[in-house]
Amino acid sequence: NAGVMQNPRHLVRRRGQEARLRCSPMKGHSHVYWYRQLPEEGLKFMVYLQKENIIDESGMPKERFSAEFPKEGPSILRIQQVVRGDSAAYFCASSPTGTDSPLHFGNGTRLTVT
Amino acid sequence: AQSVTQLDSHVSVSEGTPVLLRCNYSSSYSPSLFWYVQHPNKGLQLLLKYTSAATLVKGINGFEAEFKKSETSFHLTKPSAHMSDAAEYFCVVTYGGSQGNLIFGKGTKLSVKP
């Protein structure tokens, strides 16, 4: 039973390019969460999605960031026109329900903006 | 605003000695509390969780934590450290129904000396 799969593991982008991070939740999980971890910091919530719906995006920057979780396929976190400050580890987590079930985390995508 | 404070950014112990990682949270009527562990370049793994049942919670790998409402604390302990315990540990709190909007502490790096 595969866990939460994130790819790529490492992503290098130049300033101004776009970054697309993918997350496939565990089998049977329909709730996906994205978190960002800056160096020396804990994880910060970004967005919570169910299939085809954004439930809570209170942690998403207002510009350049977007997320989707289509009916088919992985969840995508998209960062347009990346800047150096976007360099971080981005973690995806999934759960079977939105309440009372622990999250299962992927190994993260480490984004480096040069 | 809800918050969680991990009192030590680094803790160093010798193998075979007890481990204590401290965590305090801001008071709330019904917090759920978790400890996650993150090994280098890995995702987060749930160690244990408290959701208003027994105040002493046993987790994996011999870890346990005690919920003390009077002290708003949820310290993580282990009687005897093992080299494989060296990792970063995050205390996490969430309030209300959604488990997705977790609030992470800044983490405590545990070093284990031979």
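The figures that follow rest on heavy atoms only: side chains count, while hydrogens, waters and symmetry mates do not.
- Neither the backbone nor the side chain of B/Gln6 comes within contact range of chain A; no heavy atom of the residue lies under 4.5 Å from a heavy atom of that chain.
- Cluster membership check: B/Phe34 shares its hydrophobic cluster with A/Phe91, using side-chain heavy-atom separations under 4.5 Å among Ile, Leu, Val, Met, Phe, Trp and Tyr.
- Looking at A/Gln6, there are no atoms closer than 4.5 Å to chain B (heavy atoms on both sides), in backbone or side chain.
- For A/Gln81, the CD atom counts as loosely surrounded, since its 6.0 Å shell holds 12 or fewer non-hydrogen atoms of other residues, nucleotides or ligands.
- Interface summary for chain A: among B/Val92, B/Leu44, B/Ile103, the most heavy-atom pairs under 4.5 angstrom belong to B/Leu44.
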**Request:** Let me see the working for A/Phe45 and B/Phe104 under side-chain contact (heavy atoms from CB on, under 4.5 Å), right down to the final yes or no.
**Result:** CA-CA 9 Å; A/Phe45 169 77; B/Phe104 281 74; over 6 Å; no
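- Between atom CD of residue A/Gln37 and atom NZ of residue B/Lys106 there is a gap of 12.5 Å, rounded to the nearest 0.5 Å.
- The 12-atom threshold is not exceeded at CE of A/Met5, counting heavy atoms of other residues, nucleotides or ligands nearer than 6.0 Å.
- Looking at B/Leu46, the atoms closer than 4.5 Å to chain A (heavy atoms on both sides) all sit in the side chain, from C-beta outward.
- Residues B/Gln45 and A/His104 are not in side-chain contact: their nearest non-hydrogen atoms beyond the backbone lie 4.5 Å or more apart.
- Looking at A/Tyr35 and B/Leu102, their side chains come closer than 4.5 Å, going by heavy atoms from C-beta outward.
- Within a 6.0 Å sphere centred on NZ of B/Lys58, other residues, nucleotides and ligands contribute 12 heavy atoms or fewer.
- Hydrophobic clustering (side-chain heavy atoms under 4.5 Å, transitive across Ile, Leu, Val, Met, Phe, Trp, Tyr) groups A/Ile55 together with A/Tyr33.
- Note on A/Leu49: it clusters hydrophobically with A/Ile79, by side-chain heavy-atom contacts below 4.5 Å among ILVMFWY residues.
- Side-chain heavy atoms closer than 4.5 Å link hydrophobic residues (I, L, V, M, F, W, Y) into clusters, and following such links, even through other members, never connects A/Val4 to A/Leu21.
- Separating the NZ atom in B/Lys49 from the CG atom in A/Leu103 is a distance of 10.0 Å, to the nearest 0.5 Å.
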